[in-house]
Amino acid sequence: MNLIEQHASFGGTQSVFRHTSKTLNCDMNFGIFIPEHAEGERLPVIYWLSGLTCTEQNFITKSGAQAYAAEHGVIVVAPDTSPRGDDVADDPAYDLGKGAGFYLNATQAPWAAHFRMYDYIVEELPALIEANFPVSDRRSIMGHSMGGHGALTIALKNPGRYRAVSAFAPIVAPSQVPWGEKAFSAYLGPDRDTWKQYDATALLASATERLPILIDQGDADDFLLTQLKPEIFTAEAKRLDHPVTLNLRPGYDHSFYFIASFIGEHIAHHAAALKA
């Protein structure tokens with residue numbers, strides 16, 4: 001790992017590191033905030049997954065999460081959203097290719113060579129973090145938009161691995177909205193049955209763990225009616241008696257102004273579960 005930048009923040013340190021990912025076959029950046037802590041102490045860790053077009057920078061510079069992570073004594077890791085580099089396949093559109101990894105393992109050319117964000121988030125990145133930083137084996141996961149999709153699907157597919165999960169304005173039913181249909185067609189091919197393994201609404205029926213899900217959604221979000229449709233997810237969760245809390249926030253949109261307004265509540269939610 002190479003240290004790219006480091007800043008003092010709320011008594012702790014906000015850093016960005018770069019490493020070579022064997023899973024993604026490219027160099028990757030991740031941000032990590034480590035609060036002030038006693039020597040030898042190992043802290044629980046929250047993984048944050050960002051949305052379309054983002055890098056690790058959006059969350060660490062705009063969310064204000066460091067203050068709450070310092071208050072609750074938790075580490076926050078924020079990876080990039082996709083593979084990067086000259087050899088990585090891309091698309092001119094913002095919602096496919098670089099910046100749009102969708103936290104899945106691509107099976108179709110030209111994407112399969114690099115786009116394995118699911119394995120990176122679930123296996124490689126946590127192994128790297130746990131080997132090099134003062135973290136415990138207590139993990140949780142959250143995200144925004146495409147990253148909310150990633151957080152929900154990863155938590156649902158890995159029972160026992162995470163203590164808590166939450167999302168801001170997540171893509172909850174990607175198989176039923178344009179963003180997901182475009183990405184899944186490209187990355188996974190035309191067989192819609194294969195898409196279900198990365199669709200949070202579809203995964204609810206096979207979930208073996210009833211991990212409570214916290215979702216915040218702004219009612220002034222431009223993507224609410226066309227791309228997000230949380231009512232699809234909550235209806236299926238109700239049918240299956242899976243615990244979900246959906247907070248519909250009046251006047252809030254899809255931006256980091258929305259995330260910064262409620263990130264403290266989400267970190268408190270995670271901290272309570274991580275320290276229970």
Side-chain angles (χ1 to χ4, degrees), residues 21 23-24 47-54 79-83 88-89 91 93-126 139-162 165-209 211 213 215 223 226-230 232-237 240 242 244:
S21 168
T23 302
L24 304 177
Y47 289 88
W48 166 271
L49 306 183
S50 286
L52 287 165
T53 75
C54 290
D80 201 348
T81 53
S82 78
V88 175
D91 187 272
Y94 76 94
D95 53 358
L96 189 67
K98 296 176 186 177
F102 269 85
Y103 305 101
L104 51 73
N105 290 337
T107 59
Q108 305 298 300
W111 312 104
H114 296 281
F115 282 73
R116 301 185 61 83
M117 286 297 293
Y118 176 85
D119 281 353
Y120 177 71
I121 297 299
V122 174
E123 300 292 345
E124 184 179 18
L125 183 60
R139 314 175 197 91
S140 68
I141 192 165
M142 63 178 174
H144 171 230
S145 194
M146 178 186 72
H149 142 77
L152 293 176
T153 57
I154 287 170
L156 288 167
K157 286 165 68 71
N158 293 275
R161 187 170 183 81
Y162 302 98
V165 58
S166 72
F168 291 86
I171 306 170
V172 294
S175 300
Q176 302 180 53
V177 299
W179 274 341
E181 290 177 323
K182 178 178 181 178
F184 285 9
S185 295
Y187 296 143
L188 303 174
D191 183 0
R192 297 179 76 94
D193 281 343
T194 66
W195 299 3
K196 295 177 182 178
Q197 64 184 307
Y198 299 111
D199 186 308
T201 299
L203 287 168
L204 281 172
S206 59
T208 59
E209 179 182 44
L211 194 65
I213 296 171
I215 296 174
F223 304 112
T226 57
Q227 304 281 12
L228 305 177
K229 300 186 177 182
I232 297 175
F233 185 78
T234 54
E236 179 68 355
L240 296 167
H242 194 115
V244 174

(message) When you compare the side chain of Leu204 with that of Leu156, does any pair of heavy atoms fall below 4.5 Å?
(response) yes
(request) Measure the spacing between CD of Gln197 and CZ of Phe184 and express it to the nearest 0.5 Å. (result) 8.5 Å
(message) Counting C-beta onward and ignoring hydrogens, is there a side-chain heavy-atom pair between Phe223 and Val177 closer than 4.5 Å?
(response) no
(message) With heavy-atom distances below 4.5 Å as the criterion, would you say the side chains of Pro83 and Phe115 are in contact?
(response) yes
(message) Could you check whether any side-chain N or O of Tyr187 sits under 3.5 Å from a backbone N or O of Gly97, counting only pairs where one atom can act as donor and the other as acceptor?
(response) yes
(request) Look up atom OH in Tyr47 and atom CD1 in Ile141, then write down how far apart they are to the nearest 0.5 Å. (result) 9.0 Å
(request) May I ask you to decide if Lys182's main-chain N or O and Ser185's side chain share a donor-acceptor pair within less than 3.5 Å? (result) no
(message) In the structure I gave you, are the side-chain heavy atoms of Thr234 and Ile215 within less than 4.5 Å of one another anywhere?
(response) no
(message) If only side-chain N and O atoms count, and only distance matters, is there a donor-acceptor pair under 3.5 Å linking Glu123 with Thr23?
(response) no
(request) Taking the six-membered ring for Trp and the single ring otherwise, decide whether the centroids of Tyr198 and Phe102 are under 6.0 Å apart. (result) no
(request) Rounded to the nearest 0.5 Å, what's the gap from CD1 on Ile171 to CD on Gln227? Could you check? (result) 7.0 Å
(request) May I ask you to test the Glu236-His242 pair for a side-chain heavy-atom distance under 4.5 Å? (result) no
(message) Can you confirm whether His144 sits close enough to Trp48 that some side-chain heavy atom of one is under 4.5 Å from a side-chain heavy atom of the other?
(response) yes
(request) Side-chain contact test, heavy atoms from C-beta onward, threshold under 4.5 Å: evaluate it for Val122 versus Arg161 and give yes or no. (result) yes
(request) Side-chain contact test, heavy atoms from C-beta onward, threshold under 4.5 Å: evaluate it for Tyr103 versus Leu152 and give yes or no. (result) no
(request) Keeping the roles fixed (side chain from Asp119, backbone from Asn105), state whether a donor-acceptor pair exists under 3.5 Å. (result) no
(request) For Asp199 and Ser175, indicate whether the former's side chain and the latter's backbone hold a donor-acceptor pair under 3.5 Å. (result) yes
